[in-house]
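See structure below.
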There are 2 protein chains.
Amino acid sequence: MAKNEKVTIYDISKKLNISAATVSRALNNNPKISEKTRELVMKTAQELNYKQNRLALALKSGKTNSIGVIVPYINRNFFSAVIDGIEKQLTPHGYNVIICQSHEDAINEANHINALLNTQVDGIFMSVSKTTHDTVHIEKILENNTPLIFFDRKKDIPGVSSVTIDDFRGGYMATEHLIQQGAQRIAHFCGDLNLEIYKNRNNGFLRALEDHNIPINKNLIIHTNSRIEAGAEAVAKLWAKKNRPDAIFSSSDYAALGAIQELRKLKVKIPEEVGVVGFSNEPFTKYMELPMSSIDQTPVTMGEIAAQVFLEQINNKQHVLSVEKRVVLAPELVIRKSSNKTKSLKGTPPVSTE
Amino acid sequence: MAKNEKVTIYDISKKLNISAATVSRALNNNPKISEKTRELVMKTAQELNYKQNRLALALKSGKTNSIGVIVPYINRNFFSAVIDGIEKQLTPHGYNVIICQSHEDAINEANHINALLNTQVDGIFMSVSKTTHDTVHIEKILENNTPLIFFDRKKDIPGVSSVTIDDFRGGYMATEHLIQQGAQRIAHFCGDLNLEIYKNRNNGFLRALEDHNIPINKNLIIHTNSRIEAGAEAVAKLWAKKNRPDAIFSSSDYAALGAIQELRKLKVKIPEEVGVVGFSNEPFTKYMELPMSSIDQTPVTMGEIAAQVFLEQINNKQHVLSVEKRVVLAPELVIRKSSNKTKSLKGTPPVSTE
DNA sequence: TTGTATGCGTTATCAT
DNA sequence: ATGATAACGCATACAA
């Protein structure tokens, strides 16, 4: 028996000598169908191994029941956790999640957007790449009237909702914590200022210094990317000079990891001589030989809320021209050994110690 | 100007007073179309911001130009690297990659398979979950006549192609290396034997001992999962007894990491007292304070080859009932400090030292 | 070279 | 309660 051919509602209708319309109705639990017919149809559908063709449905209804997510990399815990959050919320609603990686390249981003729009996805979630300056390719999503939700890394586009964390606050908390630990010369590893998130973390850092009357020293602000090597190099440079820092706040956990590795090579005592705080609370920070303090971005929550914003948005589409909702989540400081000189400390929420 | 409505080839045809068929042909570079018409169509398509509806195309052609990939977790470097390999090969061919996570749950796996089949993907790549025993949900893919390619973790199903690495060889290499470093009492952290990969690594381990006349000691074979905690617990138990091992070969990098952490807590010297080799060559192994030896599975290559096998398969579909191709890749031993007692060692390919 | 008609699998509208 | 038919957007066989 060749199972080659796809079985359609017509096959069922022929077998039962009823119309395809009736089959369709029965399959969709239309109340105007007799119980007998419905059961018969259901049974035959099973027997014939009928599978609804979502393509046809999508073409007819204009809804594909799938959404696209574009992230820089899927193997960053932060991003995969956000995706988990989105999936968790949307799967029960019958949505399919299409995941795309931009690899931090605006061109890939544009291609993916095109492909997703051609696929007629019902919505797009994205965290923009570092190389995305121009937003014309992003605006195509809006021209296409497809809901767009930014998460974490956003661009300021009117009418576009976003879910982010308060990066300013995160930067502030990390810095203030280091100050409270006695630090006076805090170095900051600052990410690409093209991205709001890094700018905000940087501003939080600066404000914390100000508020505590610590002079700002430009030499201690190092522009690094999010790679381990970048952190190691930064430390190497800083320690080659006089007037070394007594703490490091890195906008990236990976750069912070590199920094710690280099510091240990240099036999610098952590946290006694130098306290270190990273950002993102990647899982490895917890499992390091010298566990690292970091700022948790509650990525799963971020994904869940992004999904909720999306659902609201498509339900409100009656007469509304554009809805825009900007959700900002609170970051959480997780204090671990790399910045904790005191054995016991009283953490004030939302600060947690491990 | 309301940009609400999707523009179709009909809109273009009306505007130009030509038939939709001509527009379609022009858009597809059909050679039987006059240059003038083609240019005109292309221009108006641009002006109107026309986007091909892949849904309609898919419904018509029976090809969606998208493929599905099902992996346990996307944030395992191994899996995301395989996905990178698949994408790299398939994107130039116009394919869209839909990524799904099973979270090691056979039920999720089945749901994803269903969704992908309903979406009419042109092929499915998968690495089965640990909880997948029964394969009926997988066989539905074949009943549906959709090409299926296993990578890394496969089930033995006739007619299904697979790309794996020689796990037996990997286990053998790791073990032999430890023996050459002088180990005589090698513990093995063995994964879930429900999966072929772990069974094979285990067999490789056993054979290496045999070949070097080392008696097999069942007490040194510990069944762990792939979590850090599992490795730490295993070490704690082993070191609580007499006759401790002098080396560990772990089927998982994560378990090996936990082992190393625990060993350092116990002040056991690595690699002097105990050599450790993991499996998968996750990026963190390289960046550990005490870099860890591991077996590299060449995941990007694996993904690329899987994609090639898929492309071959759909091109050969003329009269062939079923094609099956089993590609086995060679693993590579990467020697790092955790197992390297000798300062200088002469690595014989495909062994690399870092 | 271009136009006409048809079908891909569904659902919705209108009949019956 | 059920049937006939049109429509979603596209590509193609057949005509012209």
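Not measured: the values here are computed from a predicted model. Every chain is numbered from 1 and lettered A, B, ... according to where its sequence line falls, protein lines coming before strand lines.
Between A/K155 and A/E139, no side-chain nitrogen of the basic residue sits less than 4.0 Å from a carboxylate oxygen of the acidic one, so the salt-bridge criterion is not met. We find that B/E35 and B/R38 are joined by a salt bridge, their nearest charged nitrogen and carboxylate oxygen being less than 4.0 Å apart. Note on A/R153 versus A/E104: salt bridge recorded, some NZ/NE/NH1/NH2 to OD/OE distance being below 4.0 Å. Using a 4.0 Å cut-off between a side-chain N of Lys or Arg and a carboxylate O of Asp or Glu, B/K154 and B/D156 qualify as a salt bridge.
Protein atom NZ of B/K32 is 16 Å distant from nucleotide atom P of D/dA16, rounded to whole Å. The CD-P distance, from B/E39 to C/dT1, rounds to 14 Å in whole Å. Spacing between atom CD1 of A/I12 and atom P of D/dT2 amounts to 15 Å, rounded to whole angstrom units. The separation between A/N17 atom CG and D/dA1 atom C1' is 17 Å, rounded to whole Å. Taking atom CG on B/L40 and atom C1' on C/dT2, their separation rounds to 14 Å, with Å as the unit. Between B/N30 atom CG and D/dA11 atom P there is a gap of 11 Å when expressed in whole angstrom units. Residue B/N65 contributes atom CG, which lies 15 Å from atom P of D/dC10 at whole-angstrom precision. Taking atom CG of B/D11 as the reference point, atom P of D/dG9 lies 9 Å away to the nearest angstrom.
In this structure, the side-chain contact (heavy atoms from CB on, under 4.5 Å) partners of B/N114, at least two apart in sequence or on a different chain, are A/K51.
No side-chain donor-acceptor contact under 3.5 Å links B/T164 and B/S162.
Ring centroid separation for the pair A/F310 and A/F125 comes in under the 6.0 Å cut-off.
Each end of the helix from C/dT1-D/dA16 to C/dT16-D/dA1 gets its own axis from five base pairs, and the two axes differ in direction by 50°, given to 10 degrees.
Of all heavy-atom pairs between B/A106 and B/T132, the closest is CB-OG1, 3.8 Å. Across every non-hydrogen atom of B/N96 and A/A115, the tightest pair is ND2-CB, 3.7 Å.
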### Query
Could you run down nucleotides 7-16 of chain C 5' to 3' and tag each one B, S or - for protein heavy-atom contact under 4.0 Å?
BBBBBBB---
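Of the two residues contacting DNA chain D, namely B/T22 and A/P31, the nearest-nucleotide position lying further toward the 5' end is that of A/P31.
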